[in-house]
Amino acid sequence: MSEPPRFDRGHTDDLMSFLAASPTPYHAVANAAERLEKAGFRQVAETDAWDGSAGGKYVLRGGAIIAWYVPEGAPAHTPFRIVGAHTDSPNLRVKPRPDSGAHGWRQVAVEIYGGPLLNSWLDRDLGLAGRLSLRDGSTRLVNVDRPLLRVPQLAIHLDRSVNADGLKLDKQRHMQPVWGMGDDVRDGDLIAFLEEAAGLPSGEVTGWDLMVHSVEAPAYLGRDRELVAGPRMDNLLSVHAGTAALTAVAGRGSDLPCIPVLAAFDHEENGSQSDTGADGPLLGGVLERSVFARGGSYEDRARAFAGTVCLSSDTGHAVHPNYAERHDPTHHPRVDGGPILKVNVNNRYATDGSGRSVFAAACEKADVPFQSFVSNNAMPCGTTIGPITAARHGIRTVDIGVAILSMHSARELCGAKDPYLLANALVAFLDG
């Protein structure tokens, strides 16, 4: 059996292309599916009967994708090795009645999704993308990837104390972007514009899931181009790495001891409680159907789940040079120091000692360094899909990720090496 490929700087180049092409979860899963198809995977419909054939398969549902590779002759009780991630990022999303305006400005009514750093969306050139639902029940992706909208900040002359007292933003009054001029605001203008942009007849769109995005391209940064600045690293960096790792492992053939899986969910940023979120039935249903399609029983399903391990891969906090006191004094993850192992004894992360051993073994196999992260005891800890996956499915789960700065900003920052160090560790993990 051949050795899997090792990723290098080219992986980071490809990540930047993936970020730029994936302004929404719907675009992200479409791009992941395209890469899987090129690697020989095929889409299966949830409404069809599944067969137990070997090879790579995937399911698409909204902004989520589950992909897996069944080696030839794999018994029904074969355990899974899962890379879990999420496709959504905090942003501004279009309301059901989007057309608004005042005082000669035409605006788009938006709602705040997740927990974005609101100030990072100010005075930034923004595009508009998402999913359009049509009269016949089909959907169409749309992406206006040019400067279309802007959330203008109030001039300092009208807010003299802003630098001394801090910027205070009202989510309703201060975050509505402008996209033109005029007093003749008419219902339907924005959707009509998007129908034209998508090449659709007028009146064809009956529903939409739209969000704004920064049109500034990802870029290398720093004296030696050792950093990467870009949007939606939380958490498309992990989706991209998981897709690359799964296709690399699937290309090795049929000697895998486990069934490698990529599970990329939507709605992590607002609690994961949806039919495409980690707290929904999607992953469990796919894994169970895979077992049963290969002739397995409930006993085989129980055996497979008992031996399954999931790496929940999400970005984490690199030590901030200007706010080092906000971090735990003995845990200062650095960019390009390798992936981080996230630990929280109150189960905000799912990692325990046995999980650490699994991840340490994968990193050792891949010759990849790793770091540990815990929160400062005086600061609340965030969470991930890890504890949800562990509790919902009874699957041993380990929380990991890449350390970044500016998390939840419209533009985040990571080291240029960390994306491919993560991908190499994921390959070693999926390889069993």
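Small disclaimer: the values here were computed from a predicted structure and weren't measured. Any value given below was found using the heavy atoms of this structure, including those in side chains, with hydrogens, waters and symmetry copies removed.
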task: Determine whether more than 12 heavy atoms belonging to other residues, nucleotides or ligands lie under 6.0 Å from atom CD of Glu46.
output: yes
What one should report as the nearest heavy-atom pair of Ala416 and Asp336 is N-OD1, 3.4 Å
Task: Close side-chain approach of Arg81 and Trp68, heavy atoms under 4.5 Å - done: no
Next on the checklist: Determine whether Trp179 and Leu190 satisfy the following criterion, side chain to side chain contact (heavy atoms under 4.5 Å, CB included), listing intermediate values before the conclusion.
Outcome noted: CA-CA 10 Å; Trp179 76 305; Leu190 180 69; 3.8 Å; yes
**Item:** Lys38 atom NZ: more than 12 heavy-atom contacts under 6.0 Å
**Value:** no
Under a 3.5 Å distance rule, please check whether Gln371 uses its side chain to pair with a backbone N or O of Arg334 as donor and acceptor. yes
Aromatic rings Tyr69 and Phe41: how do their planes relate, parallel, tilted or perpendicular, breaks at 30° and 60°?
-> tilted
CZ (Phe429) and CG (Leu311) are apart, to the nearest 0.5 Å, by 3.5 Å
Can a donor-acceptor pair be found between the side chains of Asp13 and Tyr420 at a distance below 3.5 Å? no
Item checked: Lys417 atom NZ: more than 12 heavy-atom contacts under 6.0 Å -> no
CG of Leu15 to OG of Ser22, rounded to nearest 0.5 Å, is 9.5 Å
**Charged N-O contact under 4.0 Å between Lys365 and Asp431** = yes
When Leu141, Leu128, Asn143 are each screened for side chain to side chain contact (heavy atoms under 4.5 Å, CB included) with Pro23, the one that passes is Asn143
**Item:** Flag if over 12 foreign heavy atoms under 6.0 Å of CZ, Arg9
**Value:** yes
State whether the number of non-hydrogen atoms from other residues, nucleotides or ligands found under 6.0 Å of Glu299 atom CD is greater than 12.
-> no
Here the pair of heavy atoms bringing Thr308 nearest to Phe80 is OG1-N, 3.0 Å
task = Assess whether atom NZ of Lys95 is packed by more than 12 heavy atoms of other residues, nucleotides or ligands within 6.0 Å.
result = yes
**Message:** Would you say that Glu195 contacts Leu132 through its side chain, given a criterion of any heavy-atom pair below 4.5 Å between the two side chains?
**Reply:** no
* For the residue pair Arg232 and His213, establish whether any side-chain heavy-atom pair is separated by less than 4.5 Å. => yes
Between Leu126 and the options Val108, Val151, Val215, the side chain to side chain contact (heavy atoms under 4.5 Å, CB included) test singles out Val151
Output for pair (Leu282 CG, Ile66 CD1), nearest 0.5 Å, gives 4.5 Å
Margin query: In terms of relative ring orientation, are His393 and Phe305 parallel, tilted or perpendicular, with 30° and 60° separating the classes?
Written below: perpendicular
How far apart are the C-alpha atoms of Gln43 and Glu37, what are their side-chain angles, what is the distance that settles it, and do they pass the side chain to side chain contact (heavy atoms under 4.5 Å, CB included) test? CA-CA 8 Å; Gln43 184 176 0; Glu37 291 275 354; 4.3 Å; yes
Exercise for review: Starting from the C-alpha separation in whole Å, work towards a yes-or-no answer on side chain to side chain contact (heavy atoms under 4.5 Å, CB included) for Ser312 and Thr389.
Suggested key: CA-CA 8 Å; Ser312 164; Thr389 303; 5.9 Å; no
Residues Leu422 and Pro339: closest non-hydrogen pair is CD1-CB, 4.2 Å
*Can any side-chain N or O of Gln176 pair as donor or acceptor with the backbone N or O of Val110 at less than 3.5 Å?*
yes
- Could you check if a side-chain atom of Val228 sits within less than 4.5 angstrom of a side-chain atom of Tyr220, using non-hydrogen atoms only? yes
Please check this pair: side chain of Gln153 against backbone of Leu122, looking for a donor-acceptor N/O pair closer than 3.5 Å. no
Only one of Thr384, Asp266, Asp314, Thr276 passes side chain to side chain donor-acceptor pair (under 3.5 Å) with His86, and that residue is Asp314
*Does a donor on one side chain sit under 3.5 Å from an acceptor on the other, for Asn91 and Ser89?*
no
Nearest heavy-atom contact between Arg124 and Ala410 is NE-CB, 3.7 Å
- request: Look at Asp14 together with Arg35 and state whether they make a salt bridge at an N to O cut-off of under 4.0 Å.
  value: yes
* Asked: His240 vs His11 aromatic rings, parallel, tilted or perpendicular, using cut-offs 30° and 60°?
  -> tilted
- prompt: Taking atom CZ of Arg411 as the centre, does the number of heavy atoms from other residues, nucleotides or ligands within less than 6.0 Å exceed 12?
  reply: yes
Got Phe373 and Ser375 here, is their nearest side-chain heavy-atom distance under 4.5 Å?
yes
Closest non-hydrogen atoms of Thr247 and Leu36, given as atom of the first, atom of the second and distance, are CG2-CD2, 3.7 Å
| said: Under the criterion side chain to side chain contact (heavy atoms under 4.5 Å, CB included), I'd like the reasoning laid out for Tyr58 against Leu262: C-alpha separation, chi angles, the key distance, then a yes or no. | reply: CA-CA 9 Å; Tyr58 68 92; Leu262 169 68; over 6 Å; no
Output for pair (Glu412 CD, Met407 CE), nearest 0.5 Å, gives 7.0 Å
For Ala76 and Ala304 the tightest heavy-atom approach is O-CB, 4.4 Å
Within a 6.0 Å radius of atom CG on Asn377, are there more than 12 heavy atoms belonging to other residues, nucleotides or ligands?
no
Taking atom types as modelled, is there a side-chain donor on Asp399 or Thr351 under 3.5 Å from an acceptor on the other?
no
d(Leu117 CG, His408 NE2) to nearest 0.5 Å is 8.0 Å
Notebook entry, point to check: Side chains of Leu287 and Ile82: does their closest heavy-atom pair fall under 4.5 Å?
Noted result: yes
dist Ile191:CD1 -> Phe193:CZ (nearest 0.5 Å) comes out at 10.5 Å
